[in-house]
Amino acid sequence: GEVQFRAKSKCAWWIDLIDADQLKNRRPLKHSIRVIPDRSPRLKMISPRENEGALDPGMRIGLVALAEDDYGFSRMRLVWKVVSSVTRDLFKFPELENIENIPGGWSEKDLELKTLGASGRAALDMEWDLNELALFPDDELYFYLELFDNDGWNGVKSGRSVIYIY
């Protein structure tokens, strides 16, 4: 028959054989299982740098990042919000470590990662054209990147950049 079990920590397993005369094997061969925990993905931003905050005349932001995860990725997304000068006083800055879903009123889009030679590593290298956002003078743009692993066993985990303000 078939036996399945879920190992969440280091453990040992063996098979006890019993023959037709109900005789057991005296010294079953023991095997050990070492569980390697799945860590959250890591995102290293190369560009923009923190506190860069100035747009180029072409209204583009270069997004360059390295992504790492021990078992691979499921997706990366860009999350942003434009805050106008009219509503700026009402805007509440989210605490990044408490964000599970994107905050209300924020937008998102998936980004394409390029897998690097080594398993579990990928790169993002793109220009974000802000002309599509129809920004006005004195608007502020808040955004962050978020990387998700592919842990279907314990649940997907994510890693985020800081929130950038332009």
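Positions are given from 1, in the same order as the sequence printed here.
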Self-check item: Non-hydrogen atoms of Leu147 and Ala67 that approach each other most closely
Solution: CD2-CB, 3.5 Å

Quiz item: Any side-chain heavy-atom pair from Leu124 and Met76 closer than 4.5 angstrom?
Solution: yes

Practice problem: Determine whether Phe148 and Pro41 make a side-chain contact, defined as any pair of heavy atoms from C-beta on separated by less than 4.5 Å. | Solution: no

Self-check item: salt_bridge(Arg75, Glu108) N-O dist < 4.0 Å
Solution: yes

Quiz item: So which residues get pulled into Tyr71's cluster when ILVMFWY side chains under 4.5 Å apart are joined, directly or through others?
Solution: Ile36

Quiz item: Should Val162 and Leu63 be regarded as members of a common hydrophobic cluster, given that ILVMFWY residues are connected when their side-chain heavy atoms come within less than 4.5 Å of each other, either directly or indirectly?
Solution: yes

Quiz item: So with a 6.0 Å cut-off around CD of Glu132, is the heavy-atom count from everything else above 12?
Solution: yes

Quiz item: What class does the angle between the rings of Trp106 and Tyr144 fall in, given that below 30° is parallel, 30 to 60° is tilted and above 60° is perpendicular?
Solution: tilted

Quiz item: Shortest non-hydrogen contact from Asp69 to Arg39?
Solution: OD1-O, 3.2 Å

Quiz prompt | Lys10 atom NZ, neighbour heavy-atom count above 12 within 6.0 Å | solution = no

Quiz item: Does some side-chain heavy atom of Leu133 sit less than 4.5 Å from a side-chain heavy atom of Trp128?
Solution: yes

What pairs of donor and acceptor atoms, side-chain ones from residues 13-26 against any protein atom, are under 3.5 angstrom apart with sequence neighbours left out?
residue: Asp19; atom: OD1; partner: Asp21; partner atom: N; Å: 2.9
residue: Asp19; atom: OD1; partner: Gln22; partner atom: N; Å: 3.1
residue: Asp19; atom: OD1; partner: Leu23; partner atom: N; Å: 2.9
residue: Asn25; atom: OD1; partner: Leu17; partner atom: N; Å: 2.9

Practice problem: With side chain to side chain contact (heavy atoms under 4.5 Å, CB included) as the test, would you mind laying out the steps for Glu68 and Leu66 before giving the verdict? | Solution: CA-CA 7 Å; Glu68 289 184 309; Leu66 291 175; 5.8 Å; no

Quiz item: When you measure from the side chain of Ser161 to the backbone N and O of Leu145, does any donor-acceptor pair fall under 3.5 Å?
Solution: yes

Quiz item: Ignoring hydrogens and geometry, is there a side-chain-to-backbone donor-acceptor pair from Ser40 to Lys157 under 3.5 Å?
Solution: no

Exercise. Could you check if a side-chain atom of Ile33 sits within less than 4.5 angstrom of a side-chain atom of Phe5, using non-hydrogen atoms only?
Key: yes

Quiz item: Is the backbone N or O of Glu140 less than 3.5 Å from a side-chain atom of Tyr166, with the two atoms forming a donor-acceptor pair by type?
Solution: no

Quiz item: How about Ile163 and Phe143: do any of their side-chain heavy atoms sit closer than 4.5 Å?
Solution: no

Quiz prompt | Derivation of the side chain to side chain contact (heavy atoms under 4.5 Å, CB included) call for Leu130 and Leu135 | solution = CA-CA 8 Å; Leu130 301 180; Leu135 297 171; 4.1 Å; yes

Practice problem: Please tell me if the side chains of Asn150 and Phe73 come closer than 4.5 Å, counting only heavy atoms from C-beta onward. | Solution: no

Quiz item: How close do Trp80 and Lys109 get, heavy atom to heavy atom, and via which atoms?
Solution: CZ3-N, 3.8 Å

Quiz item: Can you find a heavy atom in the side chain of Arg77 that is under 4.5 Å from one in the side chain of Leu111?
Solution: no

